[in-house]
Protein chains: 2
Amino acid sequence: MDTTQRTDQQRSADRRRRELLEAADRVVLRDGPGASMNAIAAEAGITKPILYRHFGDKGGLYAALAKRHTDALLEALRAALDAPAERRERVESTLDTYLAAIEARPQVYRFLMHPAEGGQPGDPGFDVGKYSAPVLRRMGEELAEVIEERVDLGPGSQQLARVWGHGIVGMMHAAGDWWLGERPCSRAELVRSLADLLWGRLAAAGDRVGGPGF
Amino acid sequence: MDTTQRTDQQRSADRRRRELLEAADRVVLRDGPGASMNAIAAEAGITKPILYRHFGDKGGLYAALAKRHTDALLEALRAALDAPAERRERVESTLDTYLAAIEARPQVYRFLMHPAEGGQPGDPGFDVGKYSAPVLRRMGEELAEVIEERVDLGPGSQQLARVWGHGIVGMMHAAGDWWLGERPCSRAELVRSLADLLWGRLAAAGDRVGGPGF
DNA sequence: ACACTCCAGTTACCGCAAGTAACAGCTTAG
DNA sequence: CTAAGCTGTTACTTGCGGTAACTGGAGTGT
C-alpha cells in the first residue's frame, strides 16, 4: 500500500528531476556555463528552492548534469573500444569517436571541461574544477581496464595500464581541446597524428640536422 | 624629466605589484584557491581597492599569479628539453622535471589547474577555467617548437609537431594529476611508464589471450 | 463533511564576495 | 601656498548561492 504510493511519488519525483535536468541543460547550453540557479529555475518554470530540494546544491545539479553527458560519452567510447578489430583500428576509432563527440556538441564539451568560459567577469559559474577532473578520471580508469584486459603488458601490467589509460585520455583531451579551438587540420588528420604518436613514431623519427642556431 | 619621474614611480609600482603577488601567493597557498580578495588584501596589509587598482579584477590577479608560476615551470622544462642528450633521456628528464615540480609544490599546481578545490561549498574561487587552459596551451606550443626544431618528421612536420606537443603535454598533465592524487607508484616508475608509452610499447605489445569472458 | 498531514511551490530573506565611488592624507611641482 | 597626483581608506551596491518560513491544494482517517 505505502509501497505503491511511494513508488508513484518516486516516479513523479524522478520525472520532475529529469525535466529539471533538461531545463538546466537548455539554459547551460544557451547561456554558457555561468548560468545562475535563478535562470535555470526560471527556464524550468519554477523557483530556486525546488532546485535545491532536488539537487542539494549547485554542485549536485552540476554533477547530475555532468553524469548524464559523461555516461553518454563513455558508452560511445566503450563501443569503439570493445569492437572486435585490430588494436590500431580500435585506437583510431576511439579517438575519432571522442573527437566527433566534442566536435558535434562543443557547448556540452566546454561545459564539462571548461565551465567558467562563457560567463561575464565576476560570474563564478559552476565550480567545475571539482567535476571536470572526475570526467577525465572516469575515462582514464575505463581505458585502463580495457588495456589491462586486452593487451599483454607483462609484469606490472595493472599499474602500467592505469598510467597509460590516464595518459592517453589526457593526450586525447588536450589535443582535442587545442584542435577544437584552432581547427588546424581535419579530424582524420588529427586522429592519424595521435595514433602515430602512440605507435612510436616519435621514437622512430631521426634527429634533425642543421637546425637554426647550430 | 617626466621620464625619470615616471620611471621612479613605475619602479615603485612594480615593486608594490610584486609584493602584492607574493602576498596573494602566500594566501592562496595557505587558504587554497578559494581565497577572497579581502583575505589577500589583508595579508598584504592593505585593502581591496588597491588590489583592483593594480590588477583590474580578480582574473587579472589570477593571471599575473599564474604567469609567475607558469614562467618558472616553463623555464625549468626548457632546460630539460634543450639539454644535449639522447632524445629518450631528454623526454624522461622533461617528464621528471614536470612531475617533480608538481610533487614539490602541489598547492601551486592545484591552484594553477584545479582552482576550485579547496573552498567551502558555494565558494566560487577563481574562474580558473579561463586560465588553466592557457597554461597547458603554452606548454604545448613550447614543446611543439622544440619537437619541430629537433626531430625530423618529414612532410607536414609543423602540424604534426603541434599535435604531438599538445598531446604529450596533455598526457603528462593528466597522468601527473592522477598520480598526484593516488600516488600509486614512484615518480621514476611513472616517468618510465610514460616514456615507454611514447616509445611505442603499446604498439609493440601483444594481444592478451584467454581474458575473462572469452 | 471535516480536520490532518504531506508536499510542491512561493516569497522574502541572509551571508558573502566581487567590484566601485567618494573621500582622506602625503609628497612633489610650479 | 596651492594644485596635482599618489596611496590608501571606509562604506556602499549588486548579484549570487543558499535557506527559513509560509501557502495552497491533494489525498486520508474518522
Distance, rounded to the nearest Å, where B:Leu61 contributes CG and C:dA17 contributes C1': 14 Å
B:Lys67: partners by side-chain hydrogen bond (donor to acceptor under 3.5 Å, both in side chains), with sequence neighbours left out: B:Asp71
For atom CG of A:Leu51 and atom C1' of D:dC16, their distance in whole Å: 14 Å
Close residues, residues 42-50 of chain B, relative to DNA chain C [heavy-atom separation under 4.0 Å]: B:Lys48, B:Pro49
Crowding at CD, A:Gln158 (>12 non-hydrogen neighbours, <6.0 Å): no
Tell me which donor-acceptor pairs under 3.5 Å the side chains of residues 33-43 of chain B have, and how far apart each pair is, sequence neighbours excluded?
residue, atom, partner, partner atom, Å
B:Ser36, OG, B:Asn38, N, 3.4
B:Ser36, OG, B:Ala39, N, 3.0
B:Glu43, OE1, B:Arg30, NH2, 2.7
B:Glu43, OE2, B:Arg26, NH1, 2.5

Gap separating the NE2 atom of B:His54 from the CG atom of B:Leu21, nearest 0.5 angstrom: 10.0 Å
Side chain to side chain donor-acceptor pair (under 3.5 Å) partners of residues 189-199 of chain A, not counting sequence neighbours, each pair once: A:Arg88-A:Asp196, A:Ser186-A:Glu189, A:Asp196-A:Arg201
Contacts of type salt bridge (Lys or Arg N to Asp or Glu O under 4.0 Å), residue A:Glu103, not counting sequence neighbours: A:Arg183, A:Arg187
Gap between atoms CZ and C1', on B:Arg53 and C:dA18 respectively (whole Å): 16 Å
Between C1' of D:dC6 and NE2 of B:His54, the distance in whole Å: 11 Å
Canonical and wobble pairing (Watson-Crick, G-U, under 3.5 Å) of DNA chain C, dot-bracket with |: ||||||||||||||||||||||||||||||
Under 4.0 angstrom between B:Arg16 side-chain N/O and D:dG8 OP1 or OP2: yes
A:Glu145, CD: over 12 other non-hydrogen atoms inside 6.0 angstrom: no
Rounded distance in Å - CG (A:Asn38) to P (C:dA12): 14 Å
Chi angles and distances behind the ring pair (Phe, Tyr, Trp, His ring centres under 6.0 Å) call for B:Phe55, B:Tyr62: CA-CA 9 Å; B:Phe55 300 104; B:Tyr62 174 81; over 10 Å; no
Protein-nucleotide distance (A:Arg15, atom CZ; C:dC7, atom C1'), rounded to Å: 17 Å
Interatomic distance where CE belongs to A:Met37 and P belongs to C:dC16 [whole Å]: 19 Å
Exceeds 12 heavy-atom contacts within 6.0 angstrom, atom CZ of A:Arg105: no
Protein-nucleotide distance (B:Tyr52, atom OH; D:dT7, atom P), rounded to Å: 18 Å
